[in-house]
There are 2 protein chains.
Amino acid sequence: MNISDAAERAGLPTKTIRYYEEIGLVAPARRRDNGYRDYADRDVHMLRFLSRARGLGFSVAECRALVALYGDTDRKSSDVKEIALKRVSDIDAKIAALQAMRATLVDLSENCHGDDRPDCPIIDDLANELGG
Amino acid sequence: MNISDAAERAGLPTKTIRYYEEIGLVAPARRRDNGYRDYADRDVHMLRFLSRARGLGFSVAECRALVALYGDTDRKSSDVKEIALKRVSDIDAKIAALQAMRATLVDLSENCHGDDRPDCPIIDDLANELGG
DNA sequence: CCTTGACCTTCCAGTTGCTGGAGGGTCTAT
DNA sequence: ATAGACCCTCCAGCAACTGGAAGGTCAAGG
């Protein structure tokens, strides 16, 4: 099948598929006589795998490791689990950072009357003018 | 003062300060006869403002708007508040996405024995092999 | 047969927000 | 005079795509 059909089934843009091929995340697609890429179901399967992994926030580097483990019938499930748990702790750190930002912003916003006057604790805080 | 002193006081790398100047986020620094940038306290103040805003996750584009509002003594605090609240809702969306990812990953990890065997529900889920 | 439009190809540039390094000038202290 | 710590500019690269230009291919309709 053509790349656009594969893209639709995998849930990825064609650009991204070509990009994954270019960076070696997936094997180069077979080509037809006219030079068009030709995808089989198992190729789409792999692309879906990547789409899902990227959707869960795994980096391309992590995806490489996952692809290798996916193709390794002798893999240890602990290796996969390790990558997943690392990802969970990365996510936890990101959530914590975002929650801290959010708390600060909400706090500042609650103290800002938000009217036509220029007086604004948000600006003041950013400028650190509270203490001088 | 030299850029490295300004950098230290502002909490930004020198590279970043030059970059902010290059993209017009801050006005070009005054230069000394030898070509070195020369920073005054108010310049450092502005750089700290930016450092803090970036630290709260405001994009450079948002920082531009904040800088403009900062310098506008006729600003409406509602304009500032609007940017801050927009940022809060962006953060909320990001947190929600991360929490969904996290839940999926934790769920998958809990079902993975994480031992020397290849059998792994994490890989299976990514490959979408559960339903066929 | 010709044309139209939707495909496909490659390659290059841009995105965001820096960061690193090369290659060079300057300043300060010894 | 020289070492080392500054400073300068410019170019390249990071993640992970995305957009567009320039051109080849294919299927349908007149």
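Under the 3.5 Å distance criterion, the side-chain polar atoms of Asn111(B) are matched with a main-chain donor or acceptor of Asp107(B). Counting only distance, with no hydrogens or angles, the side chain of Asn2(A) and the backbone of Ser4(A) share no donor-acceptor pair below 3.5 Å. At least one donor-acceptor pair closer than 3.5 Å links the side chain of Arg87(B) to the backbone N or O of Leu56(B). Checking side-chain atoms of His113(A) against main-chain N and O of Asp119(A) turns up a donor-acceptor pair under 3.5 Å. In this structure, the side chain of Lys76(B) does not engage the main chain of Asp115(A) through any donor-acceptor pair within 3.5 Å.
Regarding Leu50(B), its CG atom lies at a distance of 13 Å from the C1' atom of dG17(C), rounded to whole Å. Taking atom CZ of Arg18(B) as the reference point, atom C1' of dG20(C) lies 12 Å away to the nearest angstrom. As a whole-Å value, the separation of Ile17(A) CD1 from dA16(D) P is 17 Å. dC26(D) atom P lies 9 Å from atom CZ of Arg32(A), rounded to whole Å. The OH atom of Tyr36(B) sits 16 Å away from the P atom of dG24(C) (whole-angstrom rounding). Atom CZ of Arg64(B) is separated from atom P of dG17(C) by 10 Å (rounded to the nearest Å). Asp33(A) has its CG atom 17 Å from the P atom of dC8(C), to the nearest Å.
Nearest nucleotide to the side chain of Val60(A), out of dC8(D), dT19(C), dC17(D): dC17(D). Closest contact between the side chain of Arg54(B) and the listed nucleotides dT26(C), dT25(D), dC18(C) involves dC18(C). For Asn34(A), the listed nucleotide lying nearest its side chain is dC26(D); candidates were dC26(D), dC18(C), dC8(C). Candidate nucleotides dC27(C), dG17(C), dT10(C) were compared by shortest atom distance to the side chain of Arg31(A), and dT10(C) ranks first. Relative to the side chain of Ser59(B), the nucleotides dT25(D), dG17(C), dC27(C) differ in distance, and dG17(C) lies closest.
Atom CD of Gln99(B) is separated from atom NZ of Lys94(B) by 14.5 Å, given to the nearest 0.5 angstrom. If you take CG on Leu69(A) and CD1 on Ile122(B), they are separated by 10.0 Å, rounding to the nearest 0.5 Å.
Scanning atom types as modelled, no donor and acceptor separated by under 3.5 angstrom connect the side chain of Lys15(B) and the base of dG17(C).
Between Ser4(B) and the phosphate of dC7(D), there is a side-chain N or O to OP1/OP2 separation shorter than 4.0 Å. A sub-4.0 Å separation between OP1 or OP2 of dT19(C) and a side-chain N or O of Thr16(B) is present. One finds no side-chain N or O of Thr14(B) lying less than 4.0 angstrom from the OP1 or OP2 phosphate oxygen of dC7(D).
Near DNA chain C, defined here as any heavy-atom distance below 4.0 Å, the residues from residues 19-30 of chain B are Tyr19(B), Tyr20(B), listed numerically.
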